[in-house]
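For reference, the structure discussed in these notes is given below.
Below, read A as the first sequence line, B as the second, and so on, with proteins coming before strands; counting in each chain starts at 1. Values reported hereafter were calculated over all heavy atoms of this structure, with side chains retained and with hydrogens, waters and symmetry mates removed. Bear in mind that the values here come from a model prediction, so they are computed numbers and not experimental data.
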Amino acid sequence: MLPKAYDPSGTEDRIYKMWEDSGAFKPSGDESKETFTISMPPPNATGQLHLGHASRMTVEDVFTRFARMGGKEALWVPGTDHAAIATENVVIRKLQKEGMKSPREELGREKLIEKIKEFVGESQATIRGQVRKMGSSCDWSRERYTMGDSLNRCVNEVFCKMFADDLIYRGHRIVNWDPKLQTNVSDDEVEWKDMTDPFYTFQYGPFQIATVRPETKFGDKYVVVHPDDKRYAEYKHGDTFDCEWINGSITATVIKDEAVDPEVGTGAMTITPWHSVVDNEIADRHGLDKEQIIDFDGNLLPIAGEFEGMKIANAREKIVEKLDKKGLLVKTDEKYTHTVATNSRGGGSIEPQIKLQWFIDVNREAVDWKGKKMSLKQVMQDTVKSGDIKIIPERFEKVYFHWIDNLRDWCISRQIWWGHQIPVYYKGAEEFAGVKPPEGDGWSQDPDTLDTWFSSSLWTWSTLVDPKLTEDFSLTLKEILEKSPDYQKFHPTQVLETAYDILFFWVARMILMTTYVIGEVPFEKVYLSGLIRQRDGKKMSKSNPEGCIDPIDMIEKYGTDALRLSMVMGTGAGNDLKLYEEKIAGYRNFVNKLWNASRFVLMQCEEAGVDPHAVASCTPKSLADKAVVSALQDLVDDVSESLEKYRLSEVGERLYTFTWDYYCDWYLELSKGEANPEVLIHVLRTIVTLLHPYCPFVTEELWESIKPKDSGMLISEPWPESDAKLKDQSSQDDLQITIDVISAIRSLRADQGLEPAKKVSIIVYSKHAKLLESQRVHIESMTRLENLTIDSAAQKHEDVASAFLNAAEVHMPLEGLIDKDKELAKLQKDRDQLEGFIKGINAKLGNKKFVENAKEEVVALEREKLESAEGKLKKVLERLESLS
RNA sequence: GGGCGCAUAGCUCAGUUGGUCUAGAGCGUCUGGUUUACACCCAGUAGGUCGGGGGUUCGACUCCCUCUGCGCCCACCA
């Protein structure tokens, strides 16, 4: 016998181990099966799993389990990400906390990397444990790491291929430099923050110019105005003038450029091409000089004269003071708000700099795609436009296209040590790109490493490559792919699940890289989840501990199944989810309910002397049996259909309601009168199976007690299918009778002066009717029944239930009980509605476009609706006639 | 500046090609309940002009327009 309450902590680890040891997570190797692959978005190996990860794992596990039970060859590939900048930063800070002042200098490259590897190893172990805690049915034998050797080979191969195709180039470009972390970051990693700073207006010869950054103004010798600005019409492009400036007199040149907005400030500005993207573009257009003012540590260079070597923040005030003394400060606006670029990867503020860096050219038409030469941008657009890749929800396709439109060349080099080192080697003026270092002495490798997203962007296929083959340098990448069975079998993957906040970072770049490298899409569908938020709608973060939830705490307290349910319910694709403890507790209750329902069913079996494992088929006897079995068939159909469409929340809710309200509160209650163990077991088995992808642990545990004789683990069970015969068994008339019986009993009791049998009659009305929408019964007809005859008088609830269960033969007169005027008005309204409805559907079916474009089932459904409406209308008309 | 999303009961949300939704769930409120599972339970009660306004339609929470309030993304900021 099962214990009284379900205890997740004593169950989950044991079950997970059983699954893993049995090999249930691995594809079966059956060649006839359709494959279903998901790549796990690799969590950063920088510490702990958070709720966002837990949500990823849950959704992906639901997909995987559903596919596996649905008879597919399901593979979910797990892994971790080396998270270049973030990880290096975490380790450096950790070392600093331990007392090391500047770990990079003190340790040097090799030793720091060793330290990082150590840390990553620990993190990975933690993460592996936590991914298991979530019940993830991923194939651990295929686990990969973005910094693994086989992935490194793929990264180098791809780099060299792009280099050979001139899609990768090295050049002096303006980049987002972070002086604190001493590296640049990509445009997408820049976070703009609102700041309030003083806004100074200075006299600059005959012009007035405004700035928040006087410390960049040393090199300014151009003043730019809009060509159509009438205020400055007297000056021509190229005019020069002398003026007094910070460190003495300079000669300035007038530049006319449309980038200037005449509405802002005075409509005139000076430019700093070396330290501003826009200024740099202006300078490029007119061939102007560029000078570096600030060094890579954020200090002023000799051009600043007396201010040389000062930190910019310190210099600012002093420069303003000096200009004020010279009488050049016109005014100061203290409350000016603007946005400042910061490094979202835990760094400081961004100081644009011109640097020699590696870039991927997104505009060069050098990619073979569908028989044409296209640019990386064009291919990215085509995959989604053509429908090769579908994004769910669809609205994100627009966001995706917009991002591509604004995309500039992707800067892939970083000045940190943790990452894939750029496979380019130099010797004097010679340059060599290769997966292996060149022969001979004197070569040194480019010290920079690649953007972490470079390796992630190869994730779907590089994880499927056979690692052994990557050790053989005589093979080309193409040959490696051809000889890798997993890649051949499991790529492209079916669905990529991730949160929408990394659509650009990761999803778009996987599309970019995979289409280019192997000529196929990385995945067929992208399912974008929302973010998990606190109850107040804010992002979960450790800085706000009150609303921040740790998944592991919740698992300990409520069990993994409850946590999983709480993250799947009440949200759709692309929508954020507010999560809080009460919600998780609510689903813990549900899991416990399921547990107790099973206990009850097993008790019933024991009482009836039925071995639950021996139950092979089910024969519904009473009306209630028929009703529950019939409803179960609808449930199976609805759940399967909605899961195919990724409507996880809808499915969850449907299962929840069916299990609790219908099966437990209605059918199990009735079974207390007279039970049909076969039906009880059959329905329970189906429910437990359908719930398995959502709450795998409790269902697997229950399965052990209720499974048929020859079955194995639930994880490997086939998905239920509906039985059309069972579905038809229960007709609307049958249910009408059941309701009437209850009403009859109620009236009878009233006649005999007994208390009304309130409880049961209400159960039947409110729950039963609600769940079987098509078989709804109006309460009016129940309350007005009179003059009834029935064989057995009900004295107790048990009798009511028993009468109900045996009620197939009872019929009731319904006539003479109605308020005529009300009924008439209602009938007339019904008639008008139905006539309109029929007209509407006829119009739809008469529409050629609709009939041609809609699926057959949809058209059939419309026809069905029409028929039923016509039938109803007929009844309404008859009734109207008989009344009047 | 460009784009996207949200607004439904006190709170968190379902409601997917407009039609048994004159709107549902969970939690919370209040009332009653230990009958053969479950108090992590059962039954019931109160609570909503589906953000405001207009339009299309026989019919609108659902489609269109508009206004208001929140949130997000992108671009830019001298």
Determine whether a donor-acceptor pair (N or O, by modelled atom type, separation under 3.5 Å) exists between the side chain of A:His226 and the backbone of A:Asp261. no

Can you figure out which of B:C76, B:C38, B:C74 approaches the side chain of A:Phe504 most closely? B:C74

5'-most by nearest nucleotide on RNA chain B - A:Val340 or A:Arg588: A:Arg588

Under 3.5 Å: donor-acceptor pair, side chain of A:Glu281, backbone of A:Arg285: no

How does RNA chain B look in dot-bracket notation if pairs are Watson-Crick or G-U with both distances under 3.5 Å, crossing ones as [ ], other-strand ones as |? (((((((..((((.....[....))))..((((.......))))......(((((..]....))))))))))))....

What side-chain donor-acceptor pairs closer than 3.5 Å can you find for residues 585-595 of chain A, not counting sequence neighbours?
from, atom 1, to, atom 2, distance (Å)
A:Asn592, OD1, A:Asn596, ND2, 3.3
A:Trp595, NE1, A:Pro3, O, 2.9

Does atom NZ (A:Lys390) have a neighbourhood of more than 12 heavy atoms from anything else shown, all under 6.0 Å? no

Candidates B:C76, B:C13, B:A37 - which lies nearest the side chain of A:Lys593: B:A37

Within the structure, does a side-chain N or O atom of A:Trp660 lie under 4.0 Å from either OP1 or OP2 of B:C41? no

Taking atom C1' in both B:U62 and B:G15, what distance in whole Å separates the two? 9 Å

For A:Gly586 and for A:Gly572, locate the closest nucleotide of RNA chain B by heavy-atom distance; then report the residue assigned to the nucleotide nearer the 5' terminus. A:Gly572

Which protein N or O atoms sit under 3.5 Å from an N or O of nucleotides 1-8 of chain B?
from, atom 1, to, atom 2, distance (Å)
B:C4, OP1, A:Lys398, NZ, 2.6

Tell me whether A:Asp279 contacts the main-chain N or O of A:Thr272 through its side chain, where contact means a donor paired with an acceptor under 3.5 Å. yes

From the list B:C13, B:A37, B:U36, which nucleotide is the closest neighbour of the side chain of A:Glu607? B:U36

Which part of the nucleic acid, if any, lies within reach of A:Arg213 when heavy atoms closer than 4.0 Å are counted: base, sugar-phosphate only, or nothing? nothing

What is the nucleic acid contact for A:Ser649, judged by heavy atoms within less than 4.0 Å: base, sugar-phosphate only, or nothing? nothing

Nearest whole angstrom, please: distance from the C1' of B:C74 to the CZ of A:Arg408. 13 Å

Would you mind checking if A:Glu641 and A:Arg647 are paired as a salt bridge, meaning a charged N to carboxylate O distance below 4.0 Å? no

A:Tyr580 has its side chain closest, among B:C41, B:C72, B:G26, to B:G26

Given the P atoms of B:U49 and B:C4, what is the spacing between them in whole Å? 31 Å

Work out how far the P atom of B:G24 is from that of B:U45, and round it to whole angstrom. 13 Å

Separation of B:A75 P from A:Asp261 CG (nearest whole Å): 19 Å

When the P atoms of B:C72 and B:G32 are compared, how many Å lie between them, rounded to an integer? 46 Å

A:Glu258 CD to B:C76 C1', in whole Å, measures 17 Å

Between A:Arg213 and A:Glu351, does any side-chain N to carboxylate O distance fall below 4.0 Å? yes

Mind checking if A:Trp192 touches a base, just sugar-phosphate, or nothing, with heavy atoms under 4.0 Å? base

Rounded off to whole Å, could you give me the CD1-to-C1' distance for the A:Ile282 and B:C76 pair? 13 Å

When you check the phosphate oxygens OP1 and OP2 of B:C41, does a side-chain N or O of A:Asn589 lie under 4.0 Å from one of them? yes

Are A:Lys4 and B:A37 close enough that a side-chain N or O sits under 4.0 Å from OP1 or OP2? no

Rounding to an integer number of angstrom, what distance separates B:U12 and B:G28 when you compare their C1' atoms? 11 Å

Options B:C76, B:U36, B:U12, nucleotide nearest the side-chain atoms of A:Lys583: B:U12

Between B:U34 and B:G26, how many Å separate the two P atoms, rounded to a whole number? 23 Å

Taking OH from A:Tyr663 and C1' from B:C38, how many angstroms apart are they, rounded to a whole number? 14 Å

Considering only B:C13, B:A37, B:C41, which nucleotide approaches the side chain of A:Cys664 most closely? B:A37

For the pair A:Asp634 and A:Arg654, find out whether any cationic side-chain nitrogen is under 4.0 Å from an anionic carboxylate oxygen. no

Measure CD1/A:Ile584 against C1'/B:C13 and give the value in whole Å, please. 16 Å

Give a yes or no answer on whether the side chain of A:Asn406 reaches the backbone of A:His402 with a donor-acceptor pair at less than 3.5 Å. yes

OH-CZ distance between A:Tyr667 and A:Phe658, expressed to the nearest 0.5 angstrom: 10.5 Å

Would you please test A:Trp245 and A:Lys221 for side chain to side chain contact (heavy atoms under 4.5 Å, CB included) and show each step? CA-CA 10 Å; A:Trp245 196 228; A:Lys221 50 186 184 181; over 6 Å; no

Remember a base hit wins even if backbone is also touched, and classify A:Val224 as base, sugar-phosphate or nothing at under 4.0 Å, heavy atoms. nothing

Taking all heavy atoms of A:Met195 and all of A:Val340, pick out the closest pair and write down the distance. CG-CG2, 3.4 Å

May I have the distance from A:Phe600 (atom CZ) to B:C42 (atom P), rounded to whole angstrom? 14 Å

What interatomic distance, in whole Å, is found between C1' of B:C73 and the corresponding atom of B:U66? 24 Å

Select base, sugar-phosphate, or nothing to describe what A:Val591 touches, counting heavy atoms under 4.0 Å on all strands. nothing

Look at all strands and tell whether A:Tyr200 reaches a base, only sugar-phosphate, or nothing, counting heavy atoms closer than 4.0 Å. nothing

Measuring only the P atom in each nucleotide, how far is B:A14 from B:U8? A whole number of Å is fine. 11 Å

Give one of base, sugar-phosphate or nothing for A:Tyr500, where a contact means two heavy atoms less than 4.0 Å apart. nothing

Between atom CD in A:Gln604 and atom P in B:U36, what is the gap in whole Å? 12 Å

